Each structure stands twice: as C-alpha cells, then as structure tokens.
Number of protein chains: 2
Amino acid sequence: MSQQRHGSTSGNGDRAGAVPAFPDLPEATIARLPEYLRALHNLGEGGADTISSEGLAAAAGVNSAKLRKDLSHLGSYGTRGVGYDVALLIEQIEYVLGLDQRRAVGLVGVGNLGHALAGYDGFASRGFKIVALFDADPAKVGERIHGLVVRHIDELPAVAAEETLAIGVIATPAGAAQAVADELVAAGVTSILNFAPCVLSVPANVDVRKVDLAIELQILSFHEHRKASLTALPGGRSATGAGNQEAVGS
Amino acid sequence: MSQQRHGSTSGNGDRAGAVPAFPDLPEATIARLPEYLRALHNLGEGGADTISSEGLAAAAGVNSAKLRKDLSHLGSYGTRGVGYDVALLIEQIEYVLGLDQRRAVGLVGVGNLGHALAGYDGFASRGFKIVALFDADPAKVGERIHGLVVRHIDELPAVAAEETLAIGVIATPAGAAQAVADELVAAGVTSILNFAPCVLSVPANVDVRKVDLAIELQILSFHEHRKASLTALPGGRSATGAGNQEAVGS
DNA sequence: CGCGATTTGTGCACGCCTTCACAAGCGCCT
DNA sequence: AGGCGCTTGTGAAGGCGTGCACAAATCGCG
C-alpha cells in the first residue's frame with residue numbers, strides 16, 4: 001500500500017499533531033477494528049509477540065482475507081512470512097480509533113439500563129470514563145451510583161462547560177430521547193449512543209449510533225420462526241447449513 | 001409481486017400451520033423490520049389507519065424507496081394511491097418475525113448488565129418474556145429479581161426440559177461465555193444473544209447475535225477522532241456533511 | 001364515466017463489501 | 001549464498017444492497 005500516513009515508519013513518536021487526513025476507511029472496516037483490538041489484547045496477554053492473519057482472524061471470528069484487507073487500509077504493519085507484531089498493531093488500531101485520548105462520556109437516564117451502564121466494566125477497561133450521570137426525575141437526582149452522583153438534566157450545560165463531553169449516552173424512555181439529544185447537541189456533544197427505541201433527529205455533523213436490545217431479539221425470533229418452518233417442511237432436515245451470522249453490525 | 005403467502009387475503013386466520021417456505025428475505029431487510037414495526041405501532045396509537053411509504057420511512061428513519069423495497073419482499077400489502085394499512089402491515093410483519101408466538105427467553109449472568117436486562121421493559125412490551133434467570137455464583141442463586149428467582153446454571157437442563165427456551169441471553173463475563181453457550185446449545189437453545197465481549201463458537205444451526213456496548217463507543221470514538229482531525233486541517237469547516245449514520249447493524 | 005392526482009412496486013445502474021487467488025516479500029535452514 | 005516455505009498485500013470478480021426513476025394501479029372528483 002502506498003498510503004504513508006504519518007511520516008516515520010517507526011510506527012509511533014509523532015502522534016501529537018492532528019496529522020491524519022484519514023485514508024477514509026470503509027465503515028464496515030471501522031466496525032470490525034474494535035473486535036480485532038480485543039482479540040489482539042487477548043493474544044498479547046497470552047504472551048504472543050506476533051500473530052498471523054489466519055490466527056487473528058480466528059480469534060476475531062472473521063475471514064482471514066477480510067482481516068488482511070481491513071488492516072491493509074491502515075498501512076503495512078505486517079511482515080510477510082511472519083505475521084503482525086501484536087504490540088505494534090494494537091498501537092496502530094488504538095491510534096486510528098482515537099483511543100489514545102481519554103474520552104469523557106456523559107450518561108443520561110439512570111433507570112434500569114442506565115444504572116447498569118454506569119457500572120459496566122467494559123467501558124472503563126477500554127478507555128472510556130463516564131464522568132457524569134443525569135436524570136430528569138428529582139427522586140433520582142442526588143443518588144450515588146458507582147461513585148458518581150446523579151445530577152439533574154438541567155445541569156448538563158454547566159457540566160459540559162467544565163469538562164468537554166466527547167460522547168453522550170441516552171438511556172431514557174423513548175419519549176424523552178429526542179429532547180435529551182437536543183440538549184446534548186446544544187451542549188456541544190457530537191457523538192451519541194442511543195439506547196432508546198426511537199429515531200433521533202440531529203444535525204449532520206453529529207454521529208448517532210443506536211442500540212436496541214429488543215430489535216436483536218426480534219431478529220433472532222425471525223430466525224427461530226424460519227428454522228421452525230423449515231424443519232416442519234418436507235425434506236426438513238434440522239436446518240444444517242442454515243447460515244448463522246456472528247456479528248451485529250449493524 | 002406474485003408471492004401469495006398464506007391463502008386468504010383476509011389477513012389472518014390460517015396462521016397455525018408452518019406454511020411459510022419463506023421468500024428468503026435479505027438479512028438487511030430483516031434487521032429493519034423491527035424498526036418499521038415500532039414506527040407502525042406508534043402511528044397506530046396516533047390514530048392513523050393508513051400510512052404512505054414516505055410517512056412510514058420518515059418515522060423509521062430510512063429512505064422511502066428502501067422501505068418500499070423491503071415491504072415488497074413480504075408481499076403486496078399496500079394500496080397504490082393510498083398507502084399501507086397500518087393494522088394489516090403490523091400483523092404481517094409480526095407474523096414474519098414470528099412474534100405471534102410468545103417466545104421464552106432464558107438469561108444467564110445476573111451481574112450488572114444481566115440485572116438490568118431482567119427488568120428491561122422493552123422485552124416484555126414487545127412480546128418476549130424472560131422466564132428464567134441463571135448464574136454460576138452461589139451468592140446470587142436464590143435472589144429475587146423482578147419477580148424471578150435466580151437459579152444455578154446447573155439447573156438449566158432441568159428448566160429447559162420444563163419449558164422450551166427459544167432464546168438464550170448471555171450476560172456473563174467473557175471468560176464464562178463459551179461454556180454457557182455450550183450449555184445453552186446442549187439444552188436445545190438455537191438462538192443466542194451474546195453481550196459478552198468474545199467470539200462464540202456454536203453449531204451451524206444455532207444463530208448468534210452479538211451486542212458489545214464498548215464496541216459502539218469505540219466506533220463513535222473513531223468518528224470523534226476523525227472529526228477532530230478534519231477541523232484542525234486547512235479548509236477545516238466544522239465537518240458539515242460528515243455523513244452520520246443512524247443504525248447499528250447491528 | 002373519465003381524468004388527474006397520488007402512491008406503490010420494481011427494473012436498472014451504481015457502489016460497497018466480500019472473497020478468491022496469486023505475486024511479492026521475508027526469514028530460516030542448509 | 002541460495003533456495004524454500006510461509007505469510008502478507010492486493011488486483012479482480014462476484015454478490016449484495018441502495019437509490020433513482022418510472023410504469024402500473026387506485027382513489028376521488030367533476
């Protein structure tokens with residue numbers, strides 16, 4: 001690949017300035033990078049110095065050709081005949097994903113789900129820190145959850161002024177989500193993770209990702225339905241080769 | 001479309017038998033059906049009898065052409081010049097997704113996240129019922145959560161024998177997930193929703209969907225990183241037209 | 001009864017993503 | 001030093017999904 005991203009081939013050292021001019025990565029690739037990163041961390045802890053595309057692909061649950069193409073978009077960080085340097089590749093992916101910078105997360109809605117998210121280990125362990133909790137219910141304001149005090153949603157602007165919130169997480173009921181999103185945007189948040197089952201309308205420069213737990217179940221329900229109808233049909237073998245998938249992508 | 005799925009045009013009545021022989025729907029379409037369904041329910045409660053593809057598309061946050069193509073895969077349930085009959089379309093989508101049958105869900109891992117999932121309204125309100133909670137930690141066994149008693153994971157086979165579990169939800173730490181998946185499969189579960197950050201290996205006839213909350217944050221982090229590098233670049237206007245996306249492939 | 005307004009259903013073209021297959025490159029062993 | 005085996009990086013092909021643009025169909029009104 002002729003794409004030489006940031007000067008030195010040493011692989012690091014000049015990270016500071018905003019040099020990137022990103023080789024605009026395919027969205028599908030970006031969605032897989034975190035998976036590769038997790039697999040690499042596991043392998044690294046297992047004592048591996050290098051890993052082949054085949055090995056890493058297996059650990060990440062993807063095709064090895066796809067993995068190589070994905071990584072090739074980042075640059076040439078592998079060695080032919082050997083494989084990828086685990087530590088170097090971790091560093092590269094973390095750089096591309098912007099994980100070398102601590103990103104502050106604000107969570108709105110401390111209900112059932114929000115409560116769990118506030119204490120979810122997976123966030124902290126991967127470089128995200130929830131720095132503020134908000135809720136509209138006065139009964140919840142003041143409550144202490146996993147070391148953080150719940151503040152009223154109206155305090156959002158004040159908190160955002162103090163510490164820049166990189167990402168806002170919405171865990172409110174659907175009815176309140178749009179209003180919360182508007183407030184987050186007004187407070188300067190440009191990335192939102194939405195757990196509320198509704199469509200959010202935001203300016204073009206704001207990124208929204210939606211996670212709807214019930215939708216996942218409904219998709220599984222469809223496949224159950226399909227499998228059931230297959231086995232009940234003539235020649236209905238027990239759905240061998242039904243083609244299960246292993247990702248969410250979206 | 002010449003696809004006449006189940007005899008009567010009345011819209012229901014002969015649902016019982018496994019007639020389907022599914023017009024194998026594109027996976028992308030399936031993933032969007034639940035979103036359409038939610039939008040339809042909202043519209044129905046709003047008192048709408050019919051809805052145009054344009055209107056429904058807006059409510060679901062998609063392109064109207066895409067919506068029409070998606071729905072055309074189910075059959076012709078719209079009326080030209082008028083739109084779609086809300087009630088009929090709800091019924092059709094629910095049928096395709098297999099939501100006309102109550103599906104029992106078993107949840108394994110009653111930690112932070114599992115606890116929240118056990119009480120998540122979104123499941124019950126869309127036809128899913130969590131019928132059993134499991135955990136490996138003896139300290140948690142016996143605990144009562146949202147009306148259900150936590151049982152030890154070893155009891156899974158016994159419970160599955162009593163009531164068929166359609167879907168298994170894994171909310172354990174990554175280390176335990178594969179073992180739990182194996183036990184679920186052994187108990188006859190053929191659909192798994194995995195919240196643990198790891199790749200599961202299962203037989204071909206078992207469907208796995210993965211939801212990794214940290215991955216979503218990392219994807220957002222990438223876009224934050226990209227946007228930041230753009231604004232720091234010459235001609236760096238505030239990222240207008242950055243192209244945000246609105247779904248997760250989930 | 002016919003006409004125009006409206007909306008669905010879909011053929012088609014385009015672009016993205018995946019997958020295959022292989023040349024290029026690297027290290028090791030003799 | 002040379003050759004051999006292994007692995008990466010990538011050109012090319014195929015498939016899938018999206019979006020446009022329009023013909024077909026339906027309703028309501030004059």
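Convention: sequence-line order gives letters A, B, ...; per-chain numbering from 1. As the structure is a computational prediction, the values presented were derived from the model and not from experiment. All values below were derived from every heavy atom in this structure, side-chain atoms included, with hydrogens, water molecules and symmetry-related copies excluded.
For the pair Ser53(B) and dT8(C), the criterion of a side-chain N or O lying under 4.0 Å from OP1 or OP2 is met. The side chain of Tyr84(A) places an N or O atom within less than 4.0 Å of a non-bridging phosphate oxygen (OP1 or OP2) of dG9(D). Checking the phosphate oxygens (OP1, OP2) of dT7(C), no side-chain nitrogen or oxygen of Ser52(B) falls inside 4.0 Å.
Rounded to the nearest 0.5 angstrom, Leu113(B) CG and Asp121(A) CG are separated by 10.5 Å. Interatomic distance, Asn42(A) CG to Ile51(A) CD1, rounded to the nearest 0.5 Å: 11.0 Å. Between atom CG of residue Asp100(A) and atom NE2 of residue His225(B) there is a gap of 6.0 Å, rounded to the nearest 0.5 Å. Between atom CD1 of residue Ile215(A) and atom CG of residue Leu220(A) there is a gap of 12.0 Å, rounded to the nearest 0.5 Å. Atom-to-atom distance recorded for Gln92(B):CD and Tyr36(B):OH is 16.0 Å, nearest 0.5 angstrom. Gln178(B) contributes atom CD, which lies 10.5 Å from atom OG1 of Thr172(B) (distance to the nearest 0.5 angstrom).
Between Asp212(A) and Arg38(B) there is no salt bridge, since no side-chain N of the basic residue sits under 4.0 Å from a carboxylate O of the acidic one.
Applying the 3.5 Å distance criterion, the base of dT19(C) shares a donor-acceptor pair with the side chain of Lys69(A).
Comparing the end axes of the helix from dC1(C)-dG30(D) to dT30(C)-dA1(D), each fitted to five base pairs by superposing C1' atoms of four pairs onto the next four, gives an inter-axis angle of 0° (nearest 10 degrees).
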Side-chain atoms of residues 54-69 of chain B: list all donor-acceptor pairs with protein atoms under 3.5 Å, sequence neighbours left out, distances to 0.1 Å.
residue, atom, partner, partner atom, Å
Asn63(B), OD1, Ala65(B), N, 2.6
Arg68(B), NH1, Ser53(B), OG, 3.0

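You'll find the side chain of Glu94(A) stays beyond 4.5 Å of the side chain of Arg126(A), heavy atoms only.
Rounded to an integer number of Å, the gap from Asp24(B) CG to dG17(D) P is 10 Å. Separating the CG atom of Leu25(B) from the C1' atom of dT18(D) is a distance of 17 Å, rounded to the nearest angstrom. If you take NZ of Lys66(B) and C1' of dT7(C), they are 20 Å apart, rounded to a whole angstrom. The separation between Asp70(A) atom CG and dC17(C) atom P is 10 Å, rounded to whole Å. Rounded to a whole Å, the CG atom of Leu56(A) is 20 Å from the P atom of dC6(D). Atom CD in Glu54(A) sits about 13 Å away from atom C1' in dC20(C), given to the nearest Å. The CG-C1' distance, from Leu71(A) to dT7(D), rounds to 13 Å in whole Å. Atom-to-atom, CG of Leu74(A) to C1' of dT8(D) comes out at 14 Å; the value is rounded to the nearest Å.
When each of dG17(D), dG19(D), dC20(C) is scored by its nearest atom to the side-chain atoms of Pro26(B), the top-ranked nucleotide is dG17(D). Between dC17(C), dT18(C), dC20(D), one nucleotide has an atom nearer to the side chain of Glu27(A) than all others, and that is dC17(C). Comparing dG9(D), dT10(C), dT8(D) against the side chain of Ser72(B) picks out dT10(C) as the nearest.
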In 5'-to-3' order, the base (B), backbone-only (S) or no-contact (-) status of each nucleotide in nucleotides 21-30 of chain D, using a 4.0 angstrom heavy-atom cut-off, is B-BBBBS---
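Under the ring-ring contact (aromatic ring centres under 6.0 Å, His included) criterion, Phe222(B) pairs with Phe22(A), not counting sequence neighbours. In this structure, the ring-ring contact (aromatic ring centres under 6.0 Å, His included) partners of Tyr120(B), at least two apart in sequence or on a different chain, are Phe123(B).
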Nucleotide N/O of nucleotides 28-30 of chain C paired with protein N/O under 3.5 Å:
none

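Between the side chain of Lys227(B) and the main chain of Ser191(A), no donor-acceptor pair closer than 3.5 Å is present.
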